[in-house]
Amino acid sequence: MDLRFTAAEQAFREELRAWLATTVPAVGPPPAHDDWPARRAYDLAWQRRLFDAGYAGVDWPVEGGGRGSSPVEQLVFKEECERAGAPYVGVNFVGLLHAGPTIIAEGSPSQRERYLPPILRGEEVWCQGFSEPDAGSDLASLRTRAVRDGDDYVVNGSKIWTSHAEVADFCELLVRTGGEGNRGISWLIVPMSSPGIEIRPLRTIEGTTEFAQLFLNDVRVPVANRVGEENDGWRVTMVTLSFERGTAFVGELLEAVRLLGELQAFGTRLDLFTGHPALLERIGHLRAAFDALWALTKRNVSEATQTGVPGIGGSVFKLAFSEHAQALGNLAMEMLAQASLCADPLHGPHGPLGNAEQVHNWYKSINLTIAAGTSQVQRNIVAERILGLPRAR
Amino acid sequence: MDFRVDEAQRELAGGIRSMLEGRLPLERIRSSEGAPRTVGADDWAALGETGVFALTLPEPAGTGLGLADAAVVFEELGRSLVPGPLVGTFLAAARDLVPGAAAGRAMVGVCAGRGGPPWMLEHLSSLDAALCPGDLPSGGPTLLSAVRDAPTAQRVAEPLDPLTPLWQLTRLPAAQPLEDPEWRLFSDGAVLTAALQVGHAARTLELAVAYAKERHQFSKPIGSFQAVKHLCADMLVRAEVARAAVHAAACLADAPDVLAAEATTAGSTPAAFLRRSAAGAKLLADEAAIANARAAIQVHGGMGYTWEVPLHLHLKRSHVLATSFGAKGELAALLGSLPAGARAEP
């Protein structure tokens, strides 16, 4: 057990920190949340800066054009970017973390050549068409059908929870090409400019249109756009599901720590703790929890660095983090009292109350136990795959 | 960085586990339930011979290992329900405060030193001395010598844990102040107590999972029902999160350069940062041990409420351990009062 970074890891951190210190101040403030074209431009411009500096695809293997860094270096990368206030991965998320790695692992040479460089250079945006209105936790029951017609598939169906659909160039689409279950699924690259795709934005609890529902009506997709064999798409998908080797929530964790500090400062400024020591204890408990989750992150990335696969830690981390992040959101709403009733930045006699950020974080925390595997499904995974309890389904 | 439990540490844990299985199996431990002395001098000396109390002492007196290695060993001691003043004896041995502690020929207790009178002292009739780690958050540790002869000591008839005999004292014996400017008695003691708690949390998880696989109701193993599965999954989460926290605090205690760097990043001092890490680990490990024992009892149903299964012993011991080196409210208040700018990286 050793928390000491190696000389190489330390050198990587210092070089990156120096670059971020000169680069981040040159980046303007992020655009409005609902201004999707501006967000696309902003996020792509950041990706381009990373590319020019040699930091694009830190976590991609060298053969895919990436930097081939170890999970520990990825942790350092995410930590330094977060601390420097660098832009988030944003609209580049699906390309960098799902579609790109899938194409690296399973794509043909011509697919790799065509699709990977524009992701790294910040030129093309991807979205994900996996979940369906009737296929959420039970993804393998998806019903969007692709039927062969000459050199094309003709696709009909609907996809949901598709982030960045309005500004995406391509969609990684799971379709049913065979029989029921996970053996009849294929993985397709679908240009979002294809005729027959309709996008309906979904308004989330935050009031913004973070997701969309896609409707696909007789959308023609060349068979050449299939990644992997026909009906082998489930395996293709699983290959990259664990791509983020222990670092998936590093940004969110550090953000939660920052917001906890601000909440504590808010409570001290307004003298909320004197009469209510229980509030202070809840702050302390969350600090212990987030410190522990930072330690667990280090354990998970160590495991992934040494063995190539994440250990049991991913589900464990997500279950614990989502719970504590919700506790932070709830505590913030309680302490802000009436200032929690709006997401407009309010000012008090001592300066800004910081309510807007806390309220947005509270909104987002609600989704943490749902997105990327509900906590209920995660508990089943932990109980069955780690603890070996019998499967019931 | 490689924060995994390494090969040598796994071997160390395995060695301790097989020693305990041979020397102190559960039946032997349980045979002294309710007795005024729940761990014999021979068994204590055997623990000493194995090196349990001298792990961090330099060779040849000890094995020259670190607190992280000790945490791995203490997890095993907790898991196996080994009774006795383990943490106090280790702390006294590591500082050479009480002759014979390292070899297991002396027993050193821990006195919370607050809240009284009456003060409660565990294992009093076996003790050669007791450590008062000092109140949180100010410190001020002392050593109570000749504690066994404390004139006002009175043994309680119904201690919560039948394996932790308990005395009440209306007056504390004379105390000798200890130099501990960096709160290391508290930090090390909290880490080791937390390690014991992780052992309890891991053991009750094992017992719950084994029972959920074997117990059938409605013609199925009860572990196939999601309500039971989810209890077990939450137990694993609590144990793993607490274990990571304990190991991180122990690693920081072992590596002054890493601790100094992390403390600087957090705008803190090494001693304060270590105390924060130790307090957080203790808080989460206490919770994990108690909550897991309760969940394991729930999984066992009515049988969990009896002395037929050892779950009550884990629950009761966890409550005993939760009262030393900071109780829940004290630890949470300490952590909540840290400067707001302090960042989370341990």
Side-chain angles (χ1 to χ4, degrees), chain A residues 1-6 9 72 79 83 253-254 257-258 260-265 268 273 277 279-285 287-296 298-299 301-303 305-306 311-313 315-317 319-320 376 378-384 386-392, chain B residues 1-6 9 66 68-69 72 205 209 212-213 220-221 223-226 228-230 232-234 236-238 240-242 244-245 247-252 254-255 257-258 262 276-277 279-281 283-284 328-329 331-338 340-346:
Chain A
M1 266 186 252
D2 193 357
L3 288 171
R4 191 178 283 105
F5 288 95
T6 64
E9 288 160 354
V72 172
E79 183 188 356
R83 297 208 186 291
L253 174 58
L254 294 174
V257 169
R258 190 179 63 76
L260 178 66
E262 301 208 343
L263 190 62
Q264 185 192 2
T268 306
F273 300 127
L279 291 178
L280 191 72
E281 288 174 20
R282 283 162 72 187
I283 297 261
H285 191 273
R287 176 159 283 136
F290 292 142
D291 277 356
L293 288 168
W294 187 236
L296 185 63
K298 289 182 170 176
R299 171 143 294 167
V301 298
S302 296
E303 184 73 29
T305 297
Q306 301 300 327
I312 61 173
S315 291
V316 169
F317 180 94
L319 278 166
Q376 286 66 38
Q378 297 283 355
R379 287 190 180 94
N380 285 348
I381 291 172
V382 166
E384 290 167 8
I386 303 175
L387 299 176
L389 290 169
R391 294 178 71 92
Chain B
M1 179 183 70
D2 186 358
F3 188 44
R4 295 176 305 160
V5 176
D6 61 43
Q9 287 163 336
D69 306 296
V72 167
L205 167 64
V209 168
K213 286 177 184 174
K220 285 181 194 168
S224 65
F225 299 115
Q226 286 197 18
V228 175
K229 269 186 193 157
H230 290 192
C232 295
D234 287 339
L236 178 81
V237 171
R238 284 191 289 263
E240 290 292 333
V241 171
H247 289 174
C251 281
L252 289 176
D254 287 336
D257 56 331
V258 179
E262 300 288 356
R276 158 187 174 168
S277 299
L283 179 64
L284 296 179
K328 184 173 178 168
L331 295 168
L334 169 75
L335 289 159
S337 309
L338 293 167
R343 301 198 299 211
E345 67 276 29

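Chain A is the first sequence line, chain B the second, and so forth, proteins listed ahead of strands; every chain is numbered from 1.
Separating the CG atom in B/L284 from the NE2 atom in A/H285 is a distance of 5.5 Å, to the nearest 0.5 Å. Atom CG of B/D6 sits about 11.5 Å away from atom OG of A/S302, to the nearest 0.5 Å. Remark: A/E384 CD to B/S224 OG distance equals 9.5 Å, nearest 0.5 Å. Between atom CD of residue A/Q306 and atom CZ of residue B/R4 there is a gap of 4.5 Å, rounded to the nearest 0.5 Å. Here the CD-CG distance, from B/E240 to A/L319, works out to 12.0 Å after rounding to the nearest 0.5 Å. With values rounded to the nearest 0.5 angstrom, B/S277 atom OG is found 6.0 Å from A/D291 atom CG.
What you find for A/L389 and B/A212 is that their closest heavy atoms are CD2-CB, 3.9 Å. In plain terms, the two heavy atoms of B/L338 and A/Q264 that are nearest each other are O-NE2, 2.6 Å. The two residues B/A248 and A/L3 come nearest to each other via the heavy atoms O-CD1, 3.8 Å. Nearest heavy-atom pair across A/R379 and B/A233 is O-CB, 3.6 Å. For the pair B/V237 and A/A320, the tightest heavy-atom approach, listed with the atom from each and the gap, is CG1-CB, 3.7 Å. Closest approach of A/A292 to B/A245, counting heavy atoms only: CB-CB, 3.6 Å.
Counting heavy atoms from C-beta outward, A/T305 and B/D2 have side chains that stay 4.5 Å or more apart. A heavy-atom distance below 4.5 Å is found between the side chains of B/L205 and A/L387. Side-chain contact between B/L335 and A/E281 is absent, with no heavy atoms from C-beta onward closer than 4.5 Å. For the pair A/M1 and B/D254, the minimum side-chain heavy-atom distance is 4.5 Å or more.
For chain A, no part of B/V228 is nearby; none of its heavy atoms comes within less than 4.5 Å. Proximity to chain B (any heavy atom under 4.5 Å) is shown, for A/Q378, by neither the backbone nor the side chain.
The residue from A/D2, A/V72, A/T6 that alone fulfils the side-chain contact (heavy atoms from CB on, under 4.5 Å) condition with B/M1 is A/V72.
Looking only at heavy-atom pairs under 4.5 Å with chain B, the residue among A/R258, A/Q376, A/R299 that has the most is A/R299. For the set B/C251, B/A281, B/G280, the count of heavy-atom pairs under 4.5 angstrom toward chain A peaks at B/C251. Your options are B/Q9, B/K328, B/H247, B/K220, and the one with the most heavy-atom pairs under 4.5 Å with chain A is B/H247.
Distance alone, capped at 3.5 Å, is enough to place a donor-acceptor pair between the B/K229 side chain and the A/P390 backbone.
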